[in-house]
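Following: one structure in structure tokens, then a few remarks.
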Protein chains: 2
Amino acid sequence: MLPYEHFGYIGAMTDSPNDVTPDRLCKADALPPSDQHAQQYAAVRNAHETELLEDYVELIADLLEHQGEARSTDIAARMGVSQATVSKTVTRLKSLGLVSSKPYRSLFLTEKGEAMAAMSHQRHAIVLQFLRALGVSDRTARIDAEGMEHHVSQETLEIMQRYTREQGRRDA
Amino acid sequence: MLPYEHFGYIGAMTDSPNDVTPDRLCKADALPPSDQHAQQYAAVRNAHETELLEDYVELIADLLEHQGEARSTDIAARMGVSQATVSKTVTRLKSLGLVSSKPYRSLFLTEKGEAMAAMSHQRHAIVLQFLRALGVSDRTARIDAEGMEHHVSQETLEIMQRYTREQGRRDA
DNA sequence: TCTACAAGTTAACCTTGGCTAAAATACTGT
DNA sequence: ACAGTATTTTAGCCAAGGTTAACTTGTAGA
């Protein structure tokens, strides 16, 4: 069974179709020009390339901070993946100059890796806080943030940040 | 050069670090339990599996609607990939029962494919409208929506929808 | 100390999603 | 009708990210 079959959103929507597709997005809405359309997909593919690397680096930074060291076992457990997979990915991270380590020893971030981790962490935090400020439950916000963070442009990040800030003021 | 190096978000943030990391997310913030953490990543991997399929199916539906037929050439141009890639992916879509076609002929969606396309389209529309309602520019909203749509849970979708609706009322 | 168990690595394999180049099929215009 | 062009498919290549199984290394306890 395909994952999407679990999603079951269609049923939940049929009662208010007008809210879903206002005029500017309904049937008559034309397709964007091919080249622009292609650029959108290219952006997504581009994001995919670094997504996993960012997740690793971010996780390694978190482990270093909270546990004092970053071990493959922990990464494997937290990523829900086998140790062999971690080992292979770490090799790649090393070849990209993001991570350093001696064989059979725990992992460290290079300067480049730390920069990436810091950026990733910021982005993650902004998206997570935004979702919570919107009213999304903590559990869901965490899951969604994990997936969304790599696809949010700087423009949108700034807007999310502003929203979160204003929302906080409103509560106070 | 890694794609993330183009992003350059760190510089933009250093002036207001307090807005970025409030107490509950700052250094002291503990890691979630391993198994829950693993589930988050699993959810992302799961989304990745269907992402591309959904994009294809959604695009095929759009082409059928706006151009009357869905040809590999158009898909290749719009996705920004080679025709060979399209051909291979379409083979997979057929084996999954989402698309049907005769060799060297244009493509159709099965019932299952249409259901997926409809769901995908709805989700896409909700996210896009939400971003625009937030104040994101059209160009950016399109790009971000394309990447984000596959990672937004139903709970968040409903909240986005409500926000967009209320925002619309406020404007009126 | 040395033996067992835990942790890390390596090898061999799979699928997906890209690519190019070449072959097969469909379409169009004279 | 058929020659030439456009489209689609096939074959062979590659890298990424996953797996299991077997091997190496590190470490802690008797």
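Letters go in sequence order (proteins before strands), and every chain restarts at 1. No experiment lies behind these values; they were computed from the predicted model shown.
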By side chain to side chain contact (heavy atoms under 4.5 Å, CB included) - contacts of [X] (at least two apart):
| X | result |
| --- | --- |
| A:Ala38 | none |
| B:Asp62 | A:Leu31, B:His66, B:His121 |
| B:Gln167 | B:Ala133, B:Tyr163, B:Arg170, B:Asp171 |
| A:Gln40 | A:Pro32, A:Gln36, A:His37, B:Arg142, B:Ile143, B:Glu146 |

Fill in: Inter- and intrachain pairs under salt bridge (Lys or Arg N to Asp or Glu O under 4.0 Å), touching residues 78-106 of chain B, at least two apart
none
Worksheet item: Heavy atoms under 4.0 Å, any strand shown: does B:Val86 hit a base, just sugar-phosphate, or nothing?
Response: nothing
Discussion item. On DNA chain D, does the nearest nucleotide to A:Tyr104 precede the nearest nucleotide to A:Thr89 from the 5' side, or the other way round? Give the residue.
Written reply: A:Thr89
Discussion item. If you assign B:Lys102 and A:Thr85 each to the DNA chain D nucleotide with the nearest heavy atom, which residue ends up on the more 5' nucleotide?
Written reply: B:Lys102
Discussion item. Could you tell me the boundaries of the chain B footprint on DNA chain D, defined by atoms under 4.0 Å from its heavy atoms?
Written reply: D:dT7 to D:dG18
Fill in: Position toward the 5' end of DNA chain C (nearest nucleotide), A:Gln83 or B:Lys88
A:Gln83
Worksheet item: Start at the 5' end of DNA chain C and walk down; is the nucleotide closest to B:Ala84 or to A:Ser87 reached first?
Response: A:Ser87
Discussion item. Would you say A:His124 and A:Glu149 are linked by a side-chain donor-acceptor pair, where the criterion is simply a distance under 3.5 Å?
Written reply: yes
With [X], which residues qualify under side-chain hydrogen bond (donor to acceptor under 3.5 Å, both in side chains), at least two apart?
| X | value |
| --- | --- |
| B:Ser100 | none |
| A:Ser82 | A:Thr85 |
| B:Asp74 | none |

Worksheet item: Should the pair A:His151 and B:His151 be assigned to parallel (<30°), tilted (30 to 60°) or perpendicular (>60°) ring geometry?
Response: parallel
Item to complete: Strictly below 4.0 Å, heavy-atom distances to any atom of DNA chain D: list the hits from residues 70-78 of chain A, or just say none.
Response: none
Item to complete: Tell me, please, which residues at least two apart from B:Glu166 pass salt bridge (charged side-chain N to carboxylate O under 4.0 Å, His left out).
Response: none
Fill in: Nucleotides bounding contact with chain B, strand DNA chain C, heavy-atom threshold 4.0 Å
C:dT16 to C:dC27
